[in-house]
Amino acid sequence: MSGLGLAGLLAPPLNFDMDDPFAEQQGRVTTRTVWVYKLPSKKSEKVRFYQRDAVFSISNTAVSDDVEAHNRIWYQVGAEDHPEGYVYSGDIHPVRTILNPPQMEIPKDGLLAEISVPYTDAHEEPNNESDVAYRMYYETTHWVKGVTIHPDGQIWYQVRDDKWDKLYYARAEHIRIMTADELTPISPDVPNKDKRIQVRLDQQIVIAYENNLPIFVTAASTGGILRVGTYTTPQGNFVTFYKRPSRHMAAGDIAASGFDLPGVPWVQYITESGISFHGTFWHNDFGRPRSHGCINLSCSSAKWLYRWTSPQVAINKEFSFGGVGTKVEIIA
């Protein structure tokens, strides 16, 4: 396949409603600061800057003139008729603000859910005045274990943190309960032996094959050079032996390239040391190495791959371990 052919299969940076692809589309800043430029180029005039977790409207996209860049996509900031300028898409998480009617009956096993607003805070108690334990971001997944109503009428979900085995509280309207239909397996009629995943490190892409025909391709970010060292994604043959729809991942010193990330979605482990495919909400800069060794994917791409591979995970289960996994080949 040619590079152009692969590019045509790549997942788009935004999951658009094609009737109005930018309706209520927002962006959240994922890094310390980002500059808004007059034109989609870092050589252009700087207009203003946004700080981490700032949320703004996205009204369009543009392609930079830098043909050597691994990611040429820029987002137009502000209203279509009065744009502020352009920001580099790699530092922006595409988000929306979708409020949900709370579900007042939560089964004993809990319910899998995702954050449907740019971010919401998980509190120690079900009220806005209590301490904040974590910030939970758009498209992250969490287990809802209960529901409670504050005297002021605000409804809160009780959310379990799987790393610390603690319960926190977040506003129920900010969390969308997932349905069984959206987690149904993809291509269940294709035997697992006829499915395989290939990770191409040189191109920073992931390809899913059925009967040796590519059916899905997406950009990825694998192990990269960070401030405290060089991280590699191992080459070789693996299987997706351990899958979780949600995982609190944490390691190292956050001030020096460590991380503490609750609710990482659609995790598929391929090594005992923890290398996995998973959704990524802390950057949107796919197409270049920049992970601690895992295969970073957009949340929507990670979800597709999670549904396509084996073993399947029941919607009321937190993981599946040790089943017959789907083959993975990682090449240079």
Side-chain angles (χ1 to χ4, degrees), residues 1 3 5-7 9-11 70 139 141 183-224 230-247 249 251 259 261 264-281 283 285-314 317-332:
M1 294 180 295
L6 288 176
L9 291 172
L10 289 175
H70 70 281
E139 295 183 304
T141 50
L183 293 177
T184 55
I186 295 174
S187 299
D189 54 321
V190 177
N192 185 56
K193 66 181 179 61
D194 295 328
K195 293 181 175 182
R196 66 182 174 93
I197 301 168
Q198 186 179 76
V199 180
R200 297 185 181 180
L201 299 177
D202 60 338
Q203 294 176 286
Q204 291 291 288
I205 59 174
V206 172
I207 310 173
Y209 292 89
E210 292 179 0
N211 297 304
N212 291 322
L213 295 175
I215 64 162
F216 181 82
V217 181
T218 188
S221 288
T222 61
T230 298
Y231 296 84
T232 59
T233 300
Q235 298 180 42
N237 296 308
F238 309 90
V239 294
T240 55
F241 70 96
Y242 178 22
K243 292 172 60 175
R244 303 184 69 109
S246 173
R247 188 60 167 159
M249 295 184 176
F259 54 92
L261 305 166
V264 175
W266 319 120
V267 182
Q268 303 187 76
Y269 291 101
I270 60 173
T271 73
E272 294 286 350
S273 63
I275 301 298
S276 66
F277 297 92
H278 58 69
T280 307
F281 55 90
H283 75 82
D285 204 22
F286 306 104
R288 73 177 180 94
R290 58 167 295 166
S291 80
H292 285 80
C294 287
I295 300 110
N296 287 187
L297 303 172
S298 71
C299 293
S300 59
S301 293
K303 184 179 180 181
W304 189 97
L305 206 64
Y306 176 93
R307 293 174 57 197
W308 182 76
T309 59
S310 294
Q312 294 298 320
V313 186
K317 299 297 183 182
E318 293 196 18
F319 62 89
S320 178
F321 178 82
V324 178
T326 299
K327 293 175 287 187
V328 177
E329 178 189 25
I330 302 179
I331 62 175

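Values in this document were obtained by computation on a predicted structure and should not be read as measured data. Residues take their numbers from the sequence shown, with the count starting at 1. Below, each value reflects all heavy atoms present in this structure, side chains not excepted, and no hydrogens, waters or symmetry copies.
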Give me the atom names and distance for the closest heavy-atom approach of R290 to D285.
NH1-CB, 3.6 Å
Non-neighbouring partners of E329 that pass side chain to side chain donor-acceptor pair (under 3.5 Å), sequence neighbours left out:
Q198
Return the set of residues passing side chain to side chain contact (heavy atoms under 4.5 Å, CB included) with P191 (not counting sequence neighbours), or none when no residue passes.
K193, D194
Indicate the atoms forming the closest heavy-atom contact of S221 with G287, along with that distance.
OG-N, 3.9 Å
Please enumerate all residues that pass side chain to side chain donor-acceptor pair (under 3.5 Å) together with N212, with sequence neighbours excluded.
R196
For S187, enumerate each residue passing the side chain to side chain contact (heavy atoms under 4.5 Å, CB included) test, keeping only those at least two apart in sequence or located in another chain.
D189, V190, K195, E210, W308
Looking only at side-chain N and O atoms, does T222 offer a donor or acceptor that is under 3.5 Å from a partner on Q204?
yes
So, S291 side chain and G293 main chain: donor-acceptor pair closer than 3.5 Å or not?
yes
Flag, side chain of K243 to backbone of F319, donor-acceptor distance under 3.5 Å:
no
Under the side chain to side chain donor-acceptor pair (under 3.5 Å) rule, what do T309 and Q268 come out as? Steps first, then yes or no, please.
CA-CA 9 Å; T309 59; Q268 303 187 76; 2.3 Å; yes
Rounded distance [0.5 Å steps], CD1 in I275 versus CD1 in I270:
7.0 Å
Less than 4.5 Å apart, side chain to side chain, heavy atoms only: is that true for S301 and F216?
yes
Is there a side chain to side chain contact (heavy atoms under 4.5 Å, CB included) between I330 and L201? Walk through the geometry before answering.
CA-CA 7 Å; I330 302 179; L201 299 177; 3.9 Å; yes
Chi angles and distances behind the side chain to side chain contact (heavy atoms under 4.5 Å, CB included) call for F277, V328:
CA-CA 11 Å; F277 297 92; V328 177; 3.8 Å; yes
Do the side chain of T280 and the main chain of L297 share a donor and acceptor less than 3.5 angstrom apart?
yes
Which heavy atom in C294 sits nearest to a heavy atom in G274, and how many Å separate them?
SG-O, 3.6 Å
Nearest atoms (heavy-atom pairs only) where F286 meets A219:
CB-CB, 3.8 Å
Run the side chain to side chain donor-acceptor pair (under 3.5 Å) test against T233 and tell me which residues pass, sequence neighbours left out.
none
Side chain to side chain donor-acceptor pair (under 3.5 Å) partners for S273, two or more places apart:
T271
Considering all heavy atoms of both residues, which atom of W304 and which atom of A208 are nearest to each other, and what is their separation?
CZ3-CB, 4.0 Å
Rounded to the nearest 0.5 Å, what separates atom CZ in R244 from atom OH in Y269?
6.5 Å
Give a yes or no on whether the backbone of K327 and the side-chain of N237 come within a donor-acceptor separation of less than 3.5 Å.
no
Under 3.5 Å, is there a donor-acceptor pair linking the side chains of E318 and S246?
no
Nearest heavy-atom neighbours spanning G325 and N192
O-ND2, 2.9 Å
